[in-house]
Amino acid sequence: MARTFTLNRPVRANAAPALDYAALLNAQQAAAATAAPGPALVIAGAGSGKTRTLTYRVAYLLENGVAPQQILLLTFTNKAAKEMLARVADLLPETSQGIWGGTFHSIGNRLLRRHPEAVGFKPGFSILDREDQEDLLKLVFGDAGFDPKDKRYPKPEVLGDIFSLAVNMGLSIEEVLLRKYDYFVALTEEIGKLQAAYERRKLALNVVDFDDLLEKSVRLLRPADGPGEHYRRQFQFILVDEYQDTNRLQAEFIDLLAQRHRSIMVVGDDAQSIYSWRGAEVQNILDFPQRYAGAAVYRIETNYRSTPQILELANAAIAGNTRQFQKTLVPARPPGAAKPALVELMDGAQQALFVTQRILELRDEGVELDEIAVLYRAHFHAMELQLELTRHGVPFHITSGLRFFEQAHIKDVVSFLKFAVNPRDEVAFKRVVRLLPGIGGSAADKLWRHFEAALGPRDRLEGSFHEAFAGAKVGAKSAKAWTQLLYTFDEIAPQGQSVAPHAALESVVEAVYDDYAKSKFPNYDQRREDLVTLANYARQYQDPTEFLAELALVSAVEQTDATKRASDDDERVTLSSVHQAKGLEWKVVFVISLNEGSFPSQRNADSPAGLEEERRLFYVAVTRACDELVLTYPNMRTMGSYGGDLFMRPSRFIDELPEDTYERWDVERGW
DNA sequence: TACGTGGCGCTTTTT
DNA sequence: GCGCCACGTA
């Protein structure tokens with residue numbers, strides 16, 4: 001084999017590092033940021049400046065002559081990637097351009113766009129989100145010769161979960177079924193057939209799902225003589241954020257890229273691994289020192305976020321877990337005014353009333369509403385609280401529900417573009433035509449077959465859509481809208497070449513969708529506004545393929561300055577699941593419904609591993625609080641939940657706390 | 001295809 | 001106790 005000699009970017013003349021790491025970081029952070037090349041594990045406790053450390057690590061590499069494109073920075077969320085890259089750019093504006101940074105999925109997308117054929121896809125493939133995937137799975141039943149209405153089979157939604165777990169955890173269908181869906185074990189063979197049919201369909205439609213972005217990338221990277229070798233040479237330094245939440249597939253993705261240089265720094269907190277149900281394996285981080293022999297281990301344990309009282313409770317909360325790196329959060333802040341509060345309430349209604357009244361009290365004390373959060377294990381735990389807050393006129397927002405790009409009206413108009421860009425996209429086509437009055441599943445299917453025949457083996461339409469659909473019949477009820485639709489298709493993709501995304505969106509809304517939206521949606525105005533926002537967002541993109549990929553991979557639009565200002569004006573309390581609160585902090589945090597069966601969730605309480613994850617979730621919840629932490633539990637489950645009244649025990653996580661870590665509040669009725 | 005009614009099931013959701 | 005989906009009917 002030829003010898004490889006790697007030239008590093010020449011170090012700038014008199015290149016005394018501009019940044020004084022010892023002054024900007026604490027000793028633990030600085031040690032990690034300036035670590036020598038080679039494998040390294042950074043155990044970063046909650047609130048310890050993990051992002052800061054990672055940011056300075058990148059800066060340190062750049063300052064020491066590593067070229068930006070030799071750095072790969074992997075995160076789980078777009079927000080995290082964006083934030084870190086922006087902070088690096090702030091530190092070193094001149095040298096940071098060209099870093100490969102993004103989510104696992106977006107980096108996978110980038111690789112596959114460069115080498116689609118190597119894994120059987122064609123350029124311009126589109127990305128299915130979860131809903132698209134389910135739509136496609138419905139079609140797949142027919143392919144495999146099964147009746148989708150047959151109740152024995154898992155619903156598309158569950159099927160998607162099964163396939164996803166299999167891919168992400170590197171398990172066979174049978175293993176997944178045995179572990180999580182034992183009532184489907186008898187159908188192992190059939191489900192396997194469905195999976196094969198699904199794979200064929202994706203290739204035929206030239207579409208990939210989220211999991212493919214990783215799995216096909218791994219397949220691309222695996223061969224020693226394939227394109228992977230190029231990237232193994234290129235990425236001399238790999239950094240991974242939130243490593244505790246990686247699954248088996250992601251771990252392999254990283255390992256494949258790190259094979260050559262072995263200069264990989266993974267950062268995370270095993271105590272905050274809370275996504276095992278999505279395939280995350282906390283074992284990845286726990287075993288890292290074994291998998292990468294000679295790995296340096298750094299610990300960042302100084303917590304800048306919370307008062308010592310809150311940290312004492314947090315440390316006690318996680319102590320019950322055995323599978324963890326022992327660590328203790330060390331407070332940097334002076335003692336706060338009070339210990340965390342533990343509040344026993346009669347029932348859910350009283351809990352809601354208590355939280356509401358305490359929030360009002362805090363507001364009177366000068367705490368702003370957006371510095372307060374109420375966290376819970378499951379969204380329905382917040383139902384009574386929502387009623388109570390509304391009754392008292394306390395504004396709140398809930399971090400749940402559909403994200404911007406997943407809303408029906410957004411997906412509807414985007415489907416026009418998807419079909420224009422990729423005329424093989426049956427799912428997008430059917431979604432579009434079903435918007436027309438008088439056209440349902442069977443008419444959509446007929447139209448699709450007609451179009452498929454006209455398209456032939458090509459991946460791009462050469463003539464006009466009018467020609468392609470010549471002779472296709474629709475009912476009298478649909479005729480007018482159908483003509484209008486064909487006209488629109490030809491406008492947004494003349495000769496099969498799609499126009500710029502914002503122009504296409506404007507055409508679609510104006511010609512077809514606006515009328516539909518008016519008749520269909522009670523909140524037409526809001527939706528119309530969203531569509532304008534979407535079109536404006538699209539202006540950044542010239543290439544429709546790139547725009548569509550971005551939509552699939554990004555869950556929220558950047559807040560415009562206008563909306564930011566608007567939301568600054570009216571402060572709101574945050575209501576959030578603990579999962580969605582990870583990485584965030586508030587001055588005052590309430591954790592509610594701390595009952596056996598609720599938190600820990602009944603479904604995880606039976607297995608030791610499940611219970612440890614619930615305990616980590618509790619740990620994540622309490623470590624969100626800066627100044628004040630309030631834990632509450634009702635004694636009875638009443639209206640607001642199903643099944644009638646029931647006594648409930650306080651959570652075992654409360655029993656596990658030493659009594660001197662909190663102060664009990666006695667709540668009594670004042671009327 | 002569109003609309004009304006009964007039955008079922010009901011954690012979390014980075015991409 | 002409610003909402004969604006699937007099935008029945010026009």
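Remember, predicted model here, so these are calculated numbers, not experimental data. Residue numbers start from 1 in every chain, and the chains themselves are labelled A, B, ... in the order their sequence lines are given, proteins ahead of strands.
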Calculate the interatomic distance between [X] atom [atom1] and [N] atom [atom2]; express it in whole Å.
X        : N      : atom1 : atom2 : result
A:Leu165 : B:dT12 : CG    : P     : 17 Å
A:Phe599 : B:dT12 : CZ    : C1'   : 10 Å
A:Glu131 : B:dT15 : CD    : C1'   : 16 Å
A:Glu157 : C:dA6  : CD    : C1'   : 15 Å
A:His381 : B:dT11 : NE2   : P     : 9 Å
A:Leu617 : B:dT11 : CG    : P     : 15 Å
A:Phe380 : B:dG9  : CZ    : P     : 17 Å
A:Gln602 : B:dC10 : CD    : C1'   : 13 Å

Determine, using ring centers only, whether A:Phe121 and A:His115 are less than 6.0 Å apart.
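Judged by ring-centre distance (under 6.0 Å), A:His115 and A:Phe121 do not meet the cut-off.
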Does the separation of the ring centres of A:Tyr376 and A:Phe618 fall below 6.0 angstrom?
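No, ring centres 6.0 Å or more apart.
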Can you tell me if [X] touches the phosphate of [N], counting only side-chain N or O atoms and a distance under 4.0 Å to OP1 or OP2?
X        : N      : value
A:Ser598 : B:dT11 : no
A:His379 : B:dT13 : yes
A:Arg377 : B:dT11 : no
A:Ser601 : B:dT12 : no

Show me the protein contacts with nucleotides 2-5 of chain B, counting only N or O atoms at under 3.5 Å.
from: B:dA2; atom 1: OP1; to: A:Gly438; atom 2: N; distance (Å): 3.2

Looking at the base of B:dT12, is there any donor atom on it, or on the side chain of A:Arg278, that sits under 3.5 Å from an acceptor on the other one?
no
Counting the atoms with a prime plus P, OP1 and OP2 as sugar-phosphate, which does [X] contact under 4.0 Å by heavy atoms, base, sugar-phosphate, or nothing?
X        : answer
A:Glu614 : base
A:Tyr275 : base
A:Asp245 : base
A:Asn604 : base

Those residues that, when tested against A:Arg615, pass side chain to side chain donor-acceptor pair (under 3.5 Å) (two or more places apart)
A:Asn321, A:Glu656
With A:Arg603, which residues qualify under side chain to side chain donor-acceptor pair (under 3.5 Å), at least two apart?
none
When rounded to the nearest Å, what value does the distance between C1' atoms of B:dT13 and C:dC2 take?
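22 Å, rounded to whole Å.
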Between A:Ala378 and A:Ser442, who's closer to the 5' end of DNA chain B by nearest nucleotide?
A:Ser442
Pick the closest DNA chain B nucleotide for A:Ser577 and for A:Ala443 by heavy atoms, then say which residue is nearer the 5' end.
A:Ala443
Which of parallel (below 30°), tilted (30 to 60°) and perpendicular (above 60°) describes A:Phe163 and A:Tyr198?
parallel
Would you say the base of B:dT12 stacks on A:Trp277 (centre-to-centre below 5.5 Å, plane angle below 30°)?
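Yes, the aromatic ring of A:Trp277 stacks with the base.
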Tell me, please, which residues at least two apart from A:Arg110 pass side chain to side chain contact (heavy atoms under 4.5 Å, CB included).
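Checked A:Arg110 against side chain to side chain contact (heavy atoms under 4.5 Å, CB included); matches are A:Trp100.
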A:Ser593 meets the side chain to side chain contact (heavy atoms under 4.5 Å, CB included) criterion, sequence neighbours left out, with A:Gln351, A:His381, A:Asn595
Looking at residues at least two apart in the chain, or sitting in another chain, which of them share a salt bridge (charged side-chain N to carboxylate O under 4.0 Å, His left out) with A:Arg431?
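So A:Arg431 forms a salt bridge (charged side-chain N to carboxylate O under 4.0 Å, His left out) with A:Glu131, A:Asp412.
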